[in-house]
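Some notes on the structure that comes next.
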Amino acid sequence: EDIVIGMTANNTGVDSYQTLHDQAFREKADEMGVEYTILDARGEPMRQVDQIMDLMTQDVDVMVVWPVSGQAIVPVLRQVQQAGIPVLIANSKVDESGFELVSGFAGPDNITQGEYAAQMMAEALDGEGRVVEIMGTPGYITAEERSQGFHDEIEANYPGIEIIETQPADWNRERAQEVMENYLTKYDDGEIDGVYVGDDNMGVGAINAIRSEGRGDNLKMTSATMFADGYDEMQSGDILYGTLYQSPIDDANYTVEIAVKLARGEEVEFFNYFETPKVTDENIAEFERPVW
Amino acid sequence: MKKQITDFIKKQSIWFILLLSLIFFGTMQANFLTLRNFQNIFLQISINGLMAIGMTYLMINGEIDLSVGMIYALCAAVVIGFQPLGIIPSVLAALATGMVIGAINGIFVAKAEINSFIVTLGAMIGVRGLLFVYTGERAILGTDLRFTYLASTRIGGVFPLPALIFLVFLAIGEYFLRNTSHGRNAYAIGGNQDAAEKAGIAVKKHLIINFVLSGAMAATAGIIAASRMNTATPTLGRMNHLWVIIAVVLGGTDLKGGYGNLVRTLGGIFVIGILDNGLNLMGVHTFYNMLFMGSILILVIFIGKKFEPLKS
Amino acid sequence: MISIKKTKEKILELKNITKIFPGITAVDDVTFEVNAGEVHALVGENGAGKSTLMKVMAGIHIPEKGSISYKGEKIKLKNPLDAKKKGIILIHQELSLVPQMTVAENILLGSLPSKKGGRINWKELHNRAQEAIKKLGCQFKSTDLVEDLTIAHQQMVEIARAISYDAKVVIFDEPTASLTQEEVEVLYKNIELLKEQGIGIIYISHKLNEIFEVSDKITVLRDGKLVDTLDTDKTDEPEITKKMIGKNIEDFFASKKISKYGDEVIRVENITRKDEFENINFSIKEGEVLGLYGLLGAGRTEVAETIFGINQPDSGQIYFKGHEVNISSSKKAVHLGIGLVPESRKEQGLVLGMSTLENISLAKIPYVHNYGFIQNKEVKEIFDKYKDRLSISTTGPNQKVMNLSGGNQQKIVIGKWLCLNPDLVILDEPTRGIDVGSKAEIHNLIAELAETGMAVLVISSEIPEILGVSHRIITMHQGEQTGVFTDEEVTEDKLIQSITSHAEDICKV
Amino acid sequence: MSNGKTGKINKEKILGIIKNQGILIFFALLLFSVSLVSDRFLSARNIILVLRQVSITGVMACGITFLLISGNFDLSIGSLLSLTTVVVINLHDKIGPVPAIIITLGVGILIGIINGTLVGYIKLNSMIVTLGMLTVLQAVTLIYTGGTYSAISRPDEAWFRFFGRGYILRIPTPVIIFGGLVILFHIILNKTVYGKYLFALGGNRTASEYTGINESFITFITFIVTGLTTALAGIMMGSRLMAAQNYIGEGYEFTVLTAVVLGGTSLFGGSGSVIKTLIGVLILGFLTNAFIIMGFPYYVQWIVQWGIIIGAVWMDVASKRGKLWA
Ligand SMILES: Nc1ncnc2c1ncn2[C@@H]1O[C@H](COP(=O)(O)OP(=O)(O)OP(=O)(O)O)[C@@H](O)[C@H]1O
Ligand SMILES: Nc1ncnc2c1ncn2[C@@H]1O[C@H](COP(=O)(O)OP(=O)(O)OP(=O)(O)O)[C@@H](O)[C@H]1O
Ligand SMILES: [Mg+2]
Ligand SMILES: [Mg+2]
């Protein structure tokens, strides 16, 4: 019988990752011969709650939710549960209070990603230095988790590293460039050693700023997700020390597979993380240039 | 006679559009004309709808409030944040927050005579700052599950309580607009502020009251949203001001002031809600969904213009 | 029922009032009183301070100096509401109505009657409004929307507002500026009505004949200062005029000269616009002044606007200098050589926030630019030339027009067209709201323009004016052309007959 | 001339300056107070930096100044900035930089034509039309790219980088472009017939029509000017980033409007100045810069920005009025 997946995405189009995730999701679903209704919350938590209710009306067989806010959807998930529709949380986690209401999670582990970035930062700086942070859109779970993982790891394990500033750049390259320019004005050469960015897109903006100030020699950057520009950057320059390989296509494929299993009533693991390995100069050759 | 007909069409065009969209989605989508879906629609429109009540009052005054979305978000956070003190105190705290910000807006518009677009643009940015300060940039989860009943209760097992709250407020609002001095003065001020002042209407007080009203409505919307999500999230409310303004304008309220009413605003809110819901049910791709909503807005005012009665 | 008070009780007294605006003392140490059942006229040139003094009386402006006593008791008016509570009602020069609201709501604006619990008492509202309307003998209903009324009716609403309120003093600030003769009669009757009720009335007008018709007393202001207060029956027009402008004035209409007409400039044949006017025919030659007379609402403005390209005729032809033309926009009209001095100076004639120089040159600049750049020197020359020629009194090219008196504002609008040296100038109510001195100057100017060979079309609702300036007069009534008169044959009676033979009264008393 | 008299004239003059230049004084106070906190703030390097940062907003603000003076409104410029940035980046590698730039400017003009027709000729309310266009253009951008990033493949070799990253005589190109545009627009506004018409239109639409000004056409043209400046800003943005995100311009409409209004241009038309817009743009730029230099959390910036917007406009209206409260 026909399986219908109902999906509400976080904010398609806001970056390539989410867009490719959307495309890959559709392709994978087509390939597996299942039907789907894909909605987009455009970054608005209330809109996502509404969309979850709309999907309930559609009587979908399984619901995939990429939360805008992991907490805000908990009450409506209770209704979904009562309606007997299994829910798979994708990419960003739902709040722990919602764990009992959903059937599983599929996606990367953003906290771990932050931790990895911290570990690479420690490597790059030999455990000693002052770091500034440029994070994604504040209030969004992905941005928060990547930041939190980084902070926690540094605090726990690297006493020599100090995070002296955090500013958001809303996943926006132009804003990241501006924020970095202002950091560079505020801190002279030698006063900062590292830059942590939420993803490569902002990273490249920051690198633009660093290059044009000629400050590339004494700065190392680590990032939490690789983009094509970051890949090129890592190969050609040496500011970007390390990033993480996270494929939206793997992410989406994985998600669809698990969603279909849920719809068929099969057992699935609760946490289904897919790997987001560290990428540095040393192992970059092992990875393909991302298409996002 | 002809003027009356075109007048009628212009004034009531929103209902024709509503009917058209109902027919369209009804034939396109099997699940559209179901009780369940209409429960959804009523629930979904109630949040923007509440804000649209305050906005309609202000637009009749010839003013605008760009900060409603952010007041809404902040009040949603406050009602969650104060939950440990009990549900009633937290609701009151949220209402007070909304009204205080509304009053600040109103005082600067009425007493300092700064254009409301600028005053509320400033507030839109600043209240967002307050929201982040208050939430500490994170989502706060509510602790008292009873609070979620507000949003999940259905009157008679059928009609969502938030929608009832919205419709009751709308009815009261419309009644006030039609039948009280405050309501009539709203039109007077929007139609000819100078004349209103000269006639001895306390224009400043009136404006401040309406900004407070707008704040209170946004707070009510925030309380309902918080109840639906049981969460305070700093990402709430970024686009709501635009949708609210669009809905009120679709309902035929004049941005310049002096015209408009809440019944037609209800029409505007319904049209927006039904389009969004219908497009969701059809699973229209988000990019085309946006294109569609933007074009509809332009189209509707274009049609409104076409039917505009000729100047005498 | 109504007790007519013979002994005139002093209601309101303004003593030594001074009101200063930034840069100008608008009212300077003026003492003024109003007695019950008396019409006190207030006259003076544009900008003399009449409206300002009245606004002080109505609590809109707070004077820097001076005191106000109400029935012998000193009071302070802090806002319009204070004044209203005392029964001081000001009917503004610019109508202050809310167009979107009903007549009844406008009449009781600011004090809508309400029942317990704040609900408006609609019945009482309409009863009271209807009563006031009935007293004035107007035909419109209390439920009509004000925006659907004519200007005259709108003014009646303002008067009704004063009546419905328990008025003690009613101030009319230039009430007849946009009323026709008949409506003025109605107004007089209403004033009589108010008088009988023992209400004190202040009447401001630039039309001295009216002043002498209605007033008991006349106060003259000049440059914000009190010149004199006289009993109406002990003075005459020349004396008042002299006191107003500080010098003797020649008869304003003496300047009309019959010049030699040249070629035909414009001829309109059967132009018609649905619901506005029908089959209008006339032609004007170089050097000729054609008067267009009719009641308000006769459609004269629409004819003028059609010739000027604001609207297009549904049918009929316009020939300009012998060629048939299609005047599709105002820009095209200007290109052809037509200028229009519109009836509403502030709304249609001037950009109030701009300077005198900018306003006067606004139509000219597209003809003297250099690759789009304004030629400042030329523009300044134009300004100087027309400032002198029209004797515009202004502090300089940079003065904002909103700070000019009405007469000077009107001259700026006229100047705007003269500097283009057009073949046809249309003046729609060119002296509305303008003081006697400036009026005379504008009349002289019209004669001068004709002498230089321009064709002039003058629209006016004032019979003396239309008779005084025109070489030929056509009349309109309800969109139809009802008569053509040459200068020799025309009389006041003929004009009135031509526009009233089928006219129904606007407001029957 | 007696001393007393000159004294009086000077005092009046000074009062007059305060009245008209409230915003300038505000700006000076801002610079002064932040420079007390940080000596880096007024360094040449930082000033150049801020100038470069504001130049994109500034270029857009020039066009919006014209539009506001003429009594119209445009909320769609943020989305148009996204669209033009995406178009120029997307086409750069495909058809070469010059055609890409030309097409991008063409897109700006086209959107100007659409907005201009709807507002100028069909006479729809500009606020609502452009509110609709805000959504439509964002959708068009997303549909055009399919929602993915666009980037220039060899950013270091492309001369296109000149507009956003290049230097002329050690001054960043964007600053030169912005500066040039301010001068050009200032001249157009104050010296040309078109500029005069903008003021006339915004000051009194009806009177303008009764003066033979083709009101619809001027409005139409002005929307095209706005479209063009926004497209130019898009080119600068693309060149600065050598890549384009679909939402890159989101929120710019409010930043630009804030800057223009801070500069004292009336929201209702009829008055305004490009130079003052420049100051408004600089206030916002220096403010953001100062916040980061002083290390405020970003959300505190927002709250302070609230105060600054109200404070600056209040100072402006209060000085014109002569009292704080009306
Ligand atoms: N609100 C104001 N601010 C500044 N100046 C003003 C204001 N109101 C009036 N004035 C000035 O005060 C003077 C007196 O104006 P007022 O309106 O009282 O004249 P008026 O006698 O009524 O003239 P008119 O016959 O044209 O109506 C004029 O010079 C006018 O420009
Ligand atoms: N400014 C106005 N606002 C509203 N209605 C007006 C206005 N001017 C005229 N009217 C009304 O419009 C209709 C047509 O008036 P129109 O202007 O053609 O008359 P007119 O003969 O030109 O009179 P006048 O020039 O004395 O105003 C009439 O009903 C008139 O009362
Ligand atoms: Mg006056
Ligand atoms: Mg007329």
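Convention: sequence-line order gives letters A, B, ...; per-chain numbering from 1.
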Exercise for the section: Below 4.5 Å from any heavy atom of chain A, which atoms of R165(D) appear? Answer side chain, backbone, both or neither. Expected result: side chain

Completion exercise
Of P168(A), P138(A), S212(A), the largest count of non-hydrogen pairs under 4.5 angstrom with chain D goes to P168(A)

Practice task
Below 4.5 Å from any heavy atom of chain A, which atoms of A243(D) appear? Answer side chain, backbone, both or neither.
Solution key: both

Practice task
Would you please indicate if the ring centroids of F41(D) and F286(D) are separated by under 6.0 Å?
Solution key: yes

Handout entry: F227(A)/Y149(D) aromatic ring centres below 6.0 Å
Key = yes

Problem - E181(A) bridged to R240(D) by N-O distance under 4.0 Å - result: yes

Practice task
For chain D, find which of D170(A), D15(A), D229(A), N172(A) contributes the most heavy-atom pairs closer than 4.5 angstrom.
Solution key: N172(A)

Exercise for the section: Answer yes if the side chains of R52(D) and Y167(D) hold a donor-acceptor pair under 3.5 Å, and no otherwise. Expected result: yes

Handout entry: Most contacts with chain D, counted as non-hydrogen pairs under 4.5 angstrom, among V204(A), I164(A), T185(A)
Key = T185(A)

Problem - Which atoms of Q53(D) approach chain A - backbone, side chain, both or neither, heavy atom under 4.5 Å - result: both

Practice task
Side chain from CB out, backbone as N, CA, C, O: work out which of these in Y17(A) comes under 4.5 Å of a heavy atom of chain D, or both, or neither.
Solution key: neither

Completion exercise
Counting heavy-atom pairs under 4.5 angstrom with chain D, the leader among L184(A), N201(A), T12(A) is N201(A)

Handout entry: Lys/Arg N to Asp/Glu carboxylate O, D30(A) vs R26(A), below 4.0 Å
Key = no

Practice task
Could you look at M294(D) and say if it's the side chain, the backbone, both or neither that has a heavy atom under 4.5 Å from chain A?
Solution key: backbone

Exercise for the section: Heavy-atom pairs under 4.5 Å with chain D are the metric here; pick the option from R211(A), E165(A), E178(A) that has the most. Expected result: E178(A)

Practice task
Look at E213(A) together with R45(D) and state whether they make a salt bridge at an N to O cut-off of under 4.0 Å.
Solution key: yes

Completion exercise
Greatest number of non-hydrogen atom pairs under 4.5 angstrom with chain D, of V179(A), N208(A), V291(A), T166(A), falls to N208(A)

Practice task
Find the distance between CG (N182(A)) and CZ (F291(D)) and round it off to the nearest 0.5 Å.
Solution key: 12.0 Å

Exercise for the section: Using a strict 4.0 Å threshold on nitrogen-to-oxygen distance, state whether R289(A) and D232(A) make a salt bridge. Expected result: yes

Practice task
Pick one of side chain, backbone, both or neither for Q301(D), based on which atoms fall under 4.5 Å of a heavy atom in chain A.
Solution key: side chain

Fill in the blank from the handout: Honestly, the part of L142(D) sitting under 4.5 Å from a heavy atom of chain A is side chain

Exercise for the section: Check Y299(D), W306(D), Y298(D) against W302(D) for a ring pair (Phe, Tyr, Trp, His ring centres under 6.0 Å) and give me the one that passes. Expected result: Y298(D)

